[in-house]
Amino acid sequence: MSNDVVVALDVGGTGMKCALVKPDGTVVHAERHPTLAQRGPEAVTANILDIADGLAGRARAEGLEPVAVGLVVPGVIDEENGVAVWSSNVGFRDVPMRELMQERLGLPTAVGHDVRAGGLAEARLGAGVSERHVLFIAIGTGIAAAHVVDGKAEAGAHGAAGEVGHIVVRPGGPACLCGGRGCLEAVASASAVGRRYVELSGEAGVTAYDVATRAAAGEELANRVWTEAVEAFADGLLTAQALYDAGIIVLGGGLAEAGEALLAPLRTALQARITFHRMPQIVRAALGDTAGCLGAALLALDHLEVTQ
Ligand SMILES: [Zn+2]
């Protein structure tokens, strides 16, 4: 038993984070690989299977026993059937990942959604560990969330729960990639913040992180853009809190790197909007970009528990 490990893989649009993880969450080996999405979904799938197989082989060579695989990918996932239904940045369309992985490695496999897996890891091993009701929000090029209750992330009826990035906070506002307008993601994601600053200043290539840094240094325009984003984010969080009544909101993803420059004004702005709701704690994620991979390991372990 003590030699058991799970093979965990977090497949992103550009890179994959992979690990061998013990049932207690200890990472015994970690490695990273490029996803090579430009080579097409079949090549990506073959690459994923090769890497997983390699990790299982490595485990055995080190006297460990690989007992399950956890794989998380972005997009729409049918977790029940282990199918990557749709993922624009990896190019997956109805890829039966669980079946392929089980055929190749002969190990029970769980397939999940990257942000939900990240939320699961933050709730069970990271910043949300003290609370039963955790809302994890990843703010990067998009905004997505995972609602984790008692260590379980709900996927929803169609695998699409937690899309707080598409709460409309500015009706008629900037166009969103989803086809709507004024979604939280179109106003307050890292890409939206950078874009807004570039639009107003005419200066090219400014990122959300630059905006945060400049705002902290007292630059007026950066301050205005940052404040707009924080206000929009607080509007989105107010709706999220009305729906989820979270005990703690854990912010991850690139924009959360801004730390208190984001968290402090966000707490103030949400507090100002709160009426009957209870104010949640708002904290930064603790596991960084390894959350998804650790979440994949947790999914594999949970899957074993269910199937045994
Ligand atoms: Zn949208």
Side-chain angles (χ1 to χ4, degrees), residues 1-37 39-74 77-84 87 90 92 95-114 116-126 151-153 287-308:
M1 264 309 265
S2 61
N3 286 338
D4 287 0
V5 287
V6 293
V7 176
L9 302 99
D10 172 12
V11 178
T14 55
M16 293 187 219
K17 290 130 201 165
C18 316
L20 294 171
V21 183
K22 292 204 158 198
D24 66 359
T26 311
V27 175
V28 292
H29 169 75
E31 55 189 52
R32 294 184 181 221
H33 301 272
T35 302
L36 305 174
R39 294 190 187 169
E42 279 173 26
V44 172
T45 303
N47 195 18
I48 291 170
L49 296 173
D50 285 346
I51 290 168
D53 203 15
L55 278 163
R58 185 190 174 103
R60 290 190 187 100
E62 292 179 8
L64 301 166
E65 182 62 37
V67 290
V69 181
L71 169 71
V72 303
V73 294
I77 316 303
D78 176 350
E79 299 190 358
E80 213 157 302
N81 297 303
V83 176
S87 168
V90 187
F92 289 152
V95 183
M97 270 300 175
R98 174 187 292 162
E99 203 181 305
L100 293 169
M101 191 69 84
Q102 290 185 163
E103 261 169 32
R104 175 74 178 271
L105 273 73
L107 294 172
T109 301
V111 178
H113 178 259
D114 58 348
R116 274 197 293 278
L120 197 65
E122 285 292 346
R124 281 161 59 174
L125 305 168
K152 192 172 182 306
L287 303 173
D289 70 355
T290 62
C293 186
L294 285 168
L298 292 173
L299 288 178
L301 292 162
D302 290 355
H303 182 66
L304 270 183
E305 236 170 65
V306 172
T307 51
Q308 265 172 0

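What's counted below: heavy atoms across the whole structure, side chains too, no hydrogens, waters or symmetry copies.
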Measure the CD1-NE2 distance between I77 and H113 for me, rounded to the nearest 0.5 Å.
6.0 Å

Does the side chain of D10 come within less than 4.5 Å of V72's, by heavy atoms?
yes

Give the minimum heavy-atom separation between G12 and V90, together with the two atoms involved.
O-CG2, 3.9 Å

If I take atom CG from residue L49 and atom CG from residue L105, how far apart are they, to the nearest 0.5 angstrom?
7.5 Å

Could you pull out all donor-acceptor pairs under 3.5 Å where a side-chain atom in residues 288-299 meets a protein atom, sequence neighbours excluded?
residue: D289; atom: OD1; partner: R32; partner atom: NH2; Å: 2.9
residue: D289; atom: OD2; partner: R32; partner atom: NH1; Å: 2.9
residue: D289; atom: OD2; partner: R32; partner atom: NH2; Å: 3.4
residue: T290; atom: OG1; partner: L287; partner atom: O; Å: 2.7

More than 12 foreign heavy atoms under 6.0 Å from CZ of R39: is that the case here?
no

Listed by chain and number, what are the side chain to side chain donor-acceptor pair (under 3.5 Å) partners of D78, not counting sequence neighbours?
N81

From the list V7, V69, D50, V5, side chain to side chain contact (heavy atoms under 4.5 Å, CB included) partner of L55 resolves to V7

Residues in side chain to side chain contact (heavy atoms under 4.5 Å, CB included) contact with P96, at least two apart in sequence or another chain
E99, L100

Once rounded to the nearest 0.5 Å, what's the spacing between atom CG of D53 and atom CD1 of I48?
13.5 Å

When every non-hydrogen atom of R98 is compared with those of V111, the smallest separation belongs to N-CG2, 3.8 Å

Just verifying a value: how many Å separate H29 NE2 and E62 CD, rounded to the nearest 0.5 Å?
7.5 Å

One should read off an interatomic distance between I51 CD1 and M16 CE, to the nearest 0.5 angstrom, of 4.0 Å

Where do L107 and Q102 come nearest, in terms of heavy atoms and distance?
O-CG, 3.2 Å

Find the distance between CG (L9) and CE (M101) and round it off to the nearest 0.5 Å.
5.5 Å

Testing the basics here: between L64 and P66, what is the closest heavy-atom pair and its distance to 0.1 Å?
O-CD, 3.4 Å

Candidate pair T109 and M97, rule side chain to side chain contact (heavy atoms under 4.5 Å, CB included), full reasoning:
CA-CA 9 Å; T109 301; M97 270 300 175; over 6 Å; no

For G13 versus T35, what's the shortest heavy-atom pair and its separation?
O-CB, 3.9 Å

Walk me through whether V6 and H303 qualify under side chain to side chain contact (heavy atoms under 4.5 Å, CB included).
CA-CA 11 Å; V6 293; H303 182 66; over 6 Å; no

Report the C-alpha distance between F92 and V83 in whole Å, list the side-chain angles of each, state the deciding distance to 0.1 Å, and finish with yes or no for side chain to side chain contact (heavy atoms under 4.5 Å, CB included).
CA-CA 10 Å; F92 289 152; V83 176; over 6 Å; no

Scanning both residues in full, the closest heavy-atom pair of V73 with A84 reads CG2-CB, 4.1 Å

